[in-house]
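A short worksheet on the structure shown next.
Values below: every heavy atom of this structure, side chains too, minus hydrogens, waters and symmetry copies. Numbering starts at 1 and runs along the sequence shown. In this text the structure is predicted, and so the values were computed from the model without any measurement.
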Amino acid sequence: LVRSTALALAVRALPVWWLVSVLIAGVAHADVKFPRPGQWSGGAGVGLLANTPDGPEFGLMAHADYFLASRLSVGPLVQYGGVGNDVVAALSIQARYWWSIPARGNPRLVIQGGIGAILVDITDADTGAADSDASFVIPLGIGLDYAVTPSVAVTADFILSVTSLGDLVSAGGREVDLRTNVIPGF
């Protein structure tokens, strides 16, 4: 009971970490078209979290990037899905590589990968059964970044999060495998 209570509190605190990472990155006034080494950038997005016991749910993502080179950045990625009775939250350190695409507006293809931790708190609405679990997470993603102004960009990401979260979970008379979660975000 103590473990699940502590896990539930940690999962519920993740939106605060999400907000903190956005505020830290927002202070930097980054040039999103032509980033320089030593520059900070960041963003937040809304997407769908697939492969939950209740089906697709809305999720939030936020990231901060520190540019080591003009095309290579590292920083935290926070993922949170907690609209229904299931809560999924992950924090990871990501490396991102940015490729410029020769087109009007300087769009960039972004490849990312990282490692971190994921926490889940699942309640089956049909049976009332509840379970909490924690695991490593390996988020792998691809995205398209388009600079709207020198300091604002629009990004579409597709992230596949690989975990070792337990075996199959029974929910609503069907078995759900939580080892992978798909998070498309915008």
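Here the OH atom belonging to Tyr97 is positioned 5.0 Å from the CZ atom belonging to Arg71, to the nearest 0.5 angstrom. With rounding to the nearest 0.5 angstrom, the CZ atom of Arg36 is 11.0 Å from the OG atom of Ser41. For the atom pair Ile111 CD1 and Ile142 CD1, the distance stands at 3.5 Å (nearest 0.5 Å). Rounded to the nearest 0.5 angstrom, Leu77 CG and Asp65 CG are separated by 9.0 Å. With rounding to the nearest 0.5 Å, the separation of CG in Leu144 from CG in Asp157 is 9.5 Å. Here the CG-OG1 distance, from Asp145 to Thr155, works out to 3.5 Å after rounding to the nearest 0.5 Å.
With a 6.0 Å radius and a threshold of 12 heavy atoms from other residues, nucleotides or ligands, Phe136 has its CZ atom above the threshold.
Cluster note: Ile93 groups with no other residue, as no ILVMFWY side-chain heavy atom lies under 4.5 Å from it.
Ser92 pairs by the side chain to side chain donor-acceptor pair (under 3.5 Å) definition with Gln94, not counting sequence neighbours.
In terms of heavy-atom proximity, Val137 sits nearest to Leu91 at CG1-O, 4.5 Å. Leu119 and Ala134 make their closest contact through CD2-CB, 3.5 Å (heavy atoms, listed as atom of the first residue, atom of the second, distance).
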_Derivation of the side chain to side chain contact (heavy atoms under 4.5 Å, CB included) call for Trp99 and Val110_ = CA-CA 6 Å; Trp99 277 287; Val110 182; over 6 Å; no

_For Gln79 and Ser161: C-alpha separation, side-chain torsions, deciding distance, then whether side chain to side chain contact (heavy atoms under 4.5 Å, CB included) applies._
CA-CA 10 Å; Gln79 303 171 68; Ser161 295; 3.4 Å; yes

*Should Phe67 and Trp98 be marked as a ring pair (Phe, Tyr, Trp, His ring centres under 6.0 Å) after you check the CA-CA gap, both sets of side-chain angles, and the distance that decides it?*
CA-CA 10 Å; Phe67 282 86; Trp98 309 72; 5.6 Å; yes

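Counting heavy atoms from C-beta on, the side chains of Gln112 and Pro139 never come closer than 4.5 Å.
Considering Val46, Val78, Ile159 in turn, Ile159 is the only one that fulfils the side-chain contact (heavy atoms from CB on, under 4.5 Å) rule with Met61.
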